[in-house]
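To find a chain, count down the sequence lines: A is the first, B the second, and so on, and within it residues start at 1. These values consider heavy atoms only, across backbone and side chains, with no hydrogens, waters or symmetry-generated copies. The shown structure was predicted, so the numbers you read here are calculated from the model rather than taken from an experiment.
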Amino acid sequence: MEYEEAKQLIVEQLTKKLKTKSKFYFNDLSKILDMKPRDAKKIVNKLVEDGVLEYWSSGSTSMYGMPGTGKQAHSEGED
Amino acid sequence: MAKHETPMLDQLESGPWPSFVSDLKQEAEKRAKNAAGVEFQIPQDAVEDLLGVLELSYKHGRTHWKHGGIVGVFGYGGGVIGRYCDQPQMFPGVAHFHTLRINQPGGKFYTTKYLRELCDLWDFRGSGITNMHGSTGDIIFLGTTTPQLEEIFYELTHKYNQDLGGSGSNLRTPADCIGQARCEYACYDTQALCYDLTNEYQDELHRPAFPYKFKFKFDGCPNCCVASIARSDLSFIGTWKDDIKIDQAAVQAYIGGEIAPNAGAHSGRDWGKFDIQKEVINLCPTGCMAMDGKTLKINNRECTRCMHCINVMPRALHIGDERGVSILAGAKAPILDGAQMGTLIVPFIEVEPPYTKIKEEVIEPIWDWWMEEGKNRERLGELMKRQGLQKLIEVLGVDPDPRMVQEPRSNPYIFWKEDEVPGGWDRDINEFRKYHQR
C-alpha cells in the first residue's frame with residue numbers, strides 16, 4: 001500500500017471512530033491497514049513524523065491519536 | 001516555614017528508616033536558598049508543592065495526579081511520561097510534572113563528573129528530584145514542564161551523549177549486571193551484549209508498536225543480580241557447558257579455615273568452624289556433590305547452576321570454560337498480581353559479537369509472533385500461557401527439550417497434530433464401537 005493511500009485510510013477510519021474513542025492501540029492501526037505489524041510500523045512511524053498521528057502514553061501503555069482530538073488535548077492546553 | 005502544612009508526611013519521618021519525605025524537604029530547602037544561583041526553569045517551589053499535593057492525597061485517600069499524556073520529544077514515543085496535577089491552582093509548581101526516563105549506563109557505572117552533570121541539568125531544567133534507579137533500571141528524572149522537554153533532550157544528547165530510555169509499549173531500557181567488568185562469575189560480556197542490542201533495537205526502544213512493554217535483562221551468571229529470570233520478558237543468563245573447575249588445595253584451605261567462606265561476607269559474627277558437609281554439600285539442590293576422602297567430587301551432569309557452592313567457595317570452585325547464555329522467556333513482575341518466572345527456551349547459545357544468532361533466531365521471531373498474536377496489554381508470558389509453550393518453540397523452530405519443562409505436568413508441550421498421527425483425526429466410528437460401548 002502506498003503511503004498516501006495508507007494515510008487517507010487511517011485518517012478516514014479514525015475520524016469515523018472519533019465519536020466513541022480518540023486513542024487507538026497500534027494493533028487497531030495495523031488492522032485498519034491490513035498489514036503485518038512490522039510493515040504497518042513503517043507507515044505509522046511516518047505518519048507520526050508528519051504530524052498526522054501523535055503518541056499518547058500512560059507510562060506503561062502507548063496509544064496513537066490524531067492531534068487535537070480527545071480530552072487530553074484540552075486538558076493539556078495544547079489545542 | 002514550609003509552604004504547606006504536612007502533618008501526615010511528617011509522621012512518616014519518625015520511623016527508623018531513611019525517609020523520602022526528609023529528602024524532599026531537604027531539596028525544597030536547597031531550592032529556596034539557591035546558594036548556587038541556579039536560574040530555575042521550572043517553579044522554584046515545585047518540591048514544596050509536591051509535598052503539598054502528596055499530603056492532600058493522603059488526606060483524601062486518593063491521588064491528585066492525572067495519568068499519562070501526549071507529551072514527548074520529537075520522534076520518540078517513549079522516555080517521557082506526562083504527569084499533571086488535578087489541583088493546579090492549589091499547587092502551581094507541580095501543575096505539569098512530567099517524568100523522564102534516562103537510559104542508564106551499562107552496569108550502572110558512572111563517573112562522578114557525569115553524575116554531577118546530570119544533576120546540574122536537572123536542577124536547572126527540572127525539579128532536582130531523581131530516582132536512582134527505577135524498576136527497569138533507568139535513571140528517573142521526576143518533574144518538569146512541557147517546554148523543558150526538548151531542551152533537556154537536546155542537552156542530554158548533544159552535551160552528554162546520553163539517550164532517553166524506554167516507556168510505554170516499547171522495548172524498555174535494557175538492563176545488565178556489572179558483568180566481566182568486576183565479576184569473575186560472569187560467563188559472557190553482559191555490557192557488550194546489552195549495549196549492542198540497545199543500539200540494534202533503537203526503533204523498538206523509541207517507537208512503540210508492541211502490544212505492551214517488553215524487557216531484556218542480562219545476567220552474567222545464574223546469581224541473577226539484575227533478577228532477569230523474574231523481571232524480564234527475555235532473560236539472558238550466563239552459564240557453562242563443561243565442568244565446574246575445582247582447586248582441591250583451596251577446598252582444603254576452606255575446610256581448614258585458612259580462607260573465609262563467602263569471601264568473608266558473613267564475618268560480622270562468629271558462625272563457628274566452616275563445615276563443608278553442612279554448608280555446601282548438603283545444601284546442593286540436586287545432591288550432586290560429595291567428599292571422597294580429601295577430594296571434592298561434583299557430578300556435573302546433575303548440576304543445575306544454583307551457584308551456591310561457587311558463592312561459598314569462590315577460590316576453590318570456578319565456572320566452566322565453555323561459556324554462553326541460557327535464554328528464558330515470559331517473566332513479569334507486575335505490582336498487583338500475576339508475577340511469573342521465565343521459562344527456559346534456549347538452554348545454551350554462544351555469545352559472540354555481532355550476536356546474529358541471538359537476534360535472528362530468538363529475539364526477532366519472538367517479537368514477530370507476539371506482535372501478531374498478542375492482545376493489547378498482553379505480556380509475552382501471558383501469550384505463552386494462552387497459546388502454549390509448544391507454539392513458542394514452533395515459532396523459534398527448536399526441538400522440545402526436557403530442560404524446558406519446569407516440573408512434570410506444569411507446562412507439557414506435547415500435543416499431537418493431525419499430520420503427525422497416522423490416519424489423522426478421522427476414524428471409523430463403527431470400527432471404534434466394535435470395541436467400545438456407548
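With values rounded to the nearest 0.5 angstrom, Thr61(A) atom OG1 is found 9.0 Å from Asn376(B) atom CG. Annotation: the span from Thr69(A) atom OG1 to Ile70(B) atom CD1 amounts to 9.0 Å, rounded to 0.5 Å. Note that NZ of Lys375(B) and CG of Asn27(A) are 11.5 Å apart. Values are rounded to the nearest 0.5 Å.
Only the side chain of Phe74(B) comes within contact range of chain A, judged by heavy atoms closer than 4.5 Å.
Between Pro208(B) and Tyr55(A) there is a side-chain heavy-atom pair separated by less than 4.5 Å. Under the 4.5 Å side-chain criterion, counting only non-hydrogen atoms from C-beta, Ser60(A) is in contact with Arg377(B). In this structure, the side chains of Tyr25(A) and Pro211(B) stay at 4.5 Å or more apart for every pair of heavy atoms.
Options Ser167(B), Ala209(B), Gly374(B) differ in how many heavy-atom pairs under 4.5 Å they form with chain A, and the most are formed by Ala209(B). Listed options Ser30(A), Gly65(A), Ser58(A) were ranked by heavy-atom pairs under 4.5 angstrom with chain B; first place goes to Ser58(A).
At a heavy-atom separation below 4.5 angstrom, chain B is approached by Lys36(A), Pro37(A), Arg38(A), Lys41(A), Asn45(A), Glu49(A) within residues 34-50 of chain A.
The local environment of CD in Glu2(A) is sparse, with at most 12 non-hydrogen atoms from other residues, nucleotides or ligands closer than 6.0 Å. Shown here is Tyr3(A), whose OH atom has more than 12 heavy atoms of other residues, nucleotides or ligands within 6.0 Å.
Checking side-chain atoms of Ser169(B) against main-chain N and O of Ser62(A) turns up a donor-acceptor pair under 3.5 Å.
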